[in-house]
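Just so it is clear: chains get the letters A, B, ... in the order the sequence lines come, proteins before strands, and each one is counted from 1.
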Protein chains: 2
Amino acid sequence: MSLQLLPLIQQGNTRALARGISIVENEIPGYEELLRALPSSATKIIGITGPPGAGKSTIADGLIRLMVELGRRVGILCVDPSSPFNLGSLLGDRLRMGQWYNNPGVYIRSLATRGSLGGLHPKILEISDLLKAAPFDNIIIETVGVGQSEVEIAGLADTTIVVVVPESGDEIQTMKAGIMEIADMFVVNKADRPGAELLAQNLRHRLTSVQDVYVKPVPVIKTIASGNEGISQLLDAVNTHQASPRSAEKKTWLLAEKAYRLVQNRRMKDIDKIDLKSRIQDATANNDFNLYRFVAEY
Amino acid sequence: MSLQLLPLIQQGNTRALARGISIVENEIPGYEELLRALPSSATKIIGITGPPGAGKSTIADGLIRLMVELGRRVGILCVDPSSPFNLGSLLGDRLRMGQWYNNPGVYIRSLATRGSLGGLHPKILEISDLLKAAPFDNIIIETVGVGQSEVEIAGLADTTIVVVVPESGDEIQTMKAGIMEIADMFVVNKADRPGAELLAQNLRHRLTSVQDVYVKPVPVIKTIASGNEGISQLLDAVNTHQASPRSAEKKTWLLAEKAYRLVQNRRMKDIDKIDLKSRIQDATANNDFNLYRFVAEY
């Protein structure tokens, strides 16, 4: 039944795609067969991450507009943290995307992180692979950069764009080491604000020292996404990155990362944290509780 | 052989402790027996996290001084990222700790993250449990807040202290949602700088809205760690937190988190990422490579 969705998805039927995503998201019987039937796909994924307020949605919006003008079909996954703290700002961002919901060349799906602290979404790998089976020319995954999500997006996207703003100038000092390692390119957005050029220079300087180690040229692009400035340069940089020889190398690395996470998810599937907690509660009533003896039986 | 170390560790022999840590760190045969023989321990762990430059080491240093004055024995684990980007600043921080290396009441061990992107240390759980077998009155784990490490420290420490500085004022807006959830208390360090009071107020305000959801009172303490100001208030807050009824509840949660991670580590032990990558490289030479069929055999 779910297998019959595949040819429809491949033909560009977005209702079939939406249904396929729901089947995978909720692990409805047949979801594994559907995943194992997916053909290999050359469609590449653009990941956009960065702190809240940096303008990720506006940049995604600009990229979508440009892609639609070029006649491309675009699939977008928006991953929203389900944390209750910043719903307001997120809803504001999402409104901007609204204009695309009725465009036949654009498919948008929002996914909540479902409380996995700092993670993207438990089925993000599988859902992005479903999107790759549909006839999209470009796929964009946009996420709020909290906790572990930057690292996860880098393990998923062929091209990872990290968006920063002049106000994050001080943060560059304290910028998480991981970010420098995962970014395929940086965008300095809101580049009309003071400090933008200095931030771009600092980034280039730091990236040069990174490159000594990793030999990886990382572009830094200035944009004013709200005025649509710099977006075509960004798309050029993405195209150049995806056509580079390193891109094939990265593809293998990505597949290995994805395989590792899929195996991990499956092997841990039988462990219910709630149940684990209640079993530990019982076991600790015993005075000589030892965690290593406790886990030995799993 | 490694089992014979345990009584020595329990007597406070730091050479035996150092040897035990090395045995566990390098998985030398007998390490599992050692871990399974550990008695249950009431010693609580204080975790200190926050961005580089916030003054975590200075705060740890102040807490150690105060604890030593009170006649307490203190064990400290310092987790340093092995990323090449910020070694300089870290070495500066570590020098400050140097004065304690020859104090008989203080044991300091540095651990490198060994390249696990954003993670703490692959054996941090086990090593901290070894420390709990030694006769320390207090255990402190200090870590640089990069990537996943804040979430990991929260899954390890009975009391998690998040250190921020007035300069991170703007960051509070963009502060990772996860941080608000994991902090048992905030320290606004360098509180003599402009903006400290405003930052503390903003934090208290945000924490109040968090408390509506989580009903968890989170103290915000101002310190000038370099001048030793506010450190005794911080220690008071730690003691109050560790004596609270929530502390017992949290202990069970922590044990469940730790059990989950230990099971995960063991179940994934046979998967070598390098090998996985080379197998995927071979498999993708085949045109109809499908990731889900590939992982089905694991």
Side-chain angles (χ1 to χ4, degrees), chain A residues 32 35-40 51-54 81 83-86 117-118 129 146-148 150-151 167-168 170-171 173-174 176-178 180-181 206 209-210 213 252-253 255-256 258-260 262-264 266-268 271 273 276-277 280-281 284 287-296 298, chain B residues 32 35-40 51-53 81 83-86 117-118 129 146-148 150-151 167-168 170-171 173-174 176-178 180-182 206 209-210 213 252-253 255-256 258-260 262-264 266-268 271 273 276-277 280-281 284 287-296 298:
Chain A
E32 286 180 311
L35 291 171
R36 286 179 195 168
L38 294 177
S40 67
S83 166
F85 307 134
N86 37 21
L117 189 60
D129 277 332
V146 290
Q148 178 69 346
E150 297 98 331
V151 179
E167 286 74 14
S168 31
D170 288 343
E171 277 176 51
Q173 283 287 358
T174 64
K176 294 181 275 176
M180 306 301 277
E181 286 154 0
R206 282 198 64 158
S209 45
V210 175
V213 184
T252 309
W253 175 81
L255 282 173
K258 288 164 78 168
Y260 189 85
L262 290 171
V263 173
Q264 196 174 50
R266 204 186 45 217
R267 289 188 181 182
M268 293 304 282
I271 310 260
K273 275 198 181 176
L276 191 67
K277 196 178 151 189
I280 280 191
Q281 205 147 22
T284 47
N287 249 342
D288 69 287
F289 175 77
N290 172 295
L291 187 61
Y292 302 90
R293 291 197 301 268
F294 177 84
V295 299
Y298 281 93
Chain B
E32 285 180 312
L35 291 170
R36 287 179 195 167
L38 294 177
S40 68
S83 165
F85 307 134
N86 38 21
L117 190 61
D129 277 333
V146 289
Q148 178 69 347
E150 297 99 330
V151 179
E167 287 74 14
S168 31
D170 288 343
E171 278 175 51
Q173 283 286 359
T174 64
K176 295 181 274 177
M180 306 301 277
E181 286 154 358
I182 65 162
R206 282 198 63 158
S209 45
V210 176
V213 185
T252 309
W253 176 82
L255 283 173
K258 289 165 77 168
Y260 190 85
L262 290 171
V263 173
Q264 195 174 50
R266 205 187 44 216
R267 289 188 181 181
M268 293 304 282
I271 309 259
K273 275 198 181 176
L276 191 67
K277 197 179 151 188
I280 280 191
Q281 204 147 21
T284 47
N287 249 343
D288 70 286
F289 174 77
N290 172 295
L291 187 62
Y292 301 90
R293 290 197 301 269
F294 177 85
V295 299
Y298 281 92

Distance in Å, Tyr292(A) OH paired with Leu38(B) CG, rounded so as to fall on 0.5 Å steps | 7.0 Å
Drop me the distance from Ile271(A)'s CD1 to Tyr260(B)'s OH, to the nearest 0.5 angstrom.
-> 7.0 Å
Is it true that a side-chain atom of Arg293(A) and a backbone atom of Arg36(B) form a donor plus acceptor pair closer than 3.5 Å?
-> yes
Minimum heavy-atom distance Ser40(B)-Phe289(A), with the two atoms named = CB-O, 3.5 Å
Measure distances from Leu255(A) to the heavy atoms of chain B and classify the residue's part below 4.5 Å as side chain, backbone, both or neither.
-> both
Given the options Lys277(B), Arg266(B), Gln281(B), Lys258(B), which has more heavy-atom pairs under 4.5 Å with chain A than any of the others?
-> Arg266(B)
Starting at CE of Met268(A), measure out to CZ of Arg267(B) and round the result to the nearest 0.5 Å.
-> 5.5 Å
Nearest non-hydrogen partners of Ala256(B) and Leu276(A), listed with the distance | O-CD2, 3.3 Å
Mind checking the CG-CG spacing from Asn290(B) to Leu35(A)? Nearest 0.5 Å is all I need.
-> 8.0 Å
The interface call for Ala37(B) against chain A, heavy-atom contacts under 4.5 Å, is backbone
Out of Ala54(A), Ala259(A), Pro39(A), which one racks up the most heavy-atom pairs below 4.5 Å with chain B?
-> Ala259(A)
Portion of Thr284(A) that has a non-hydrogen atom of chain B nearer than 4.5 angstrom | side chain
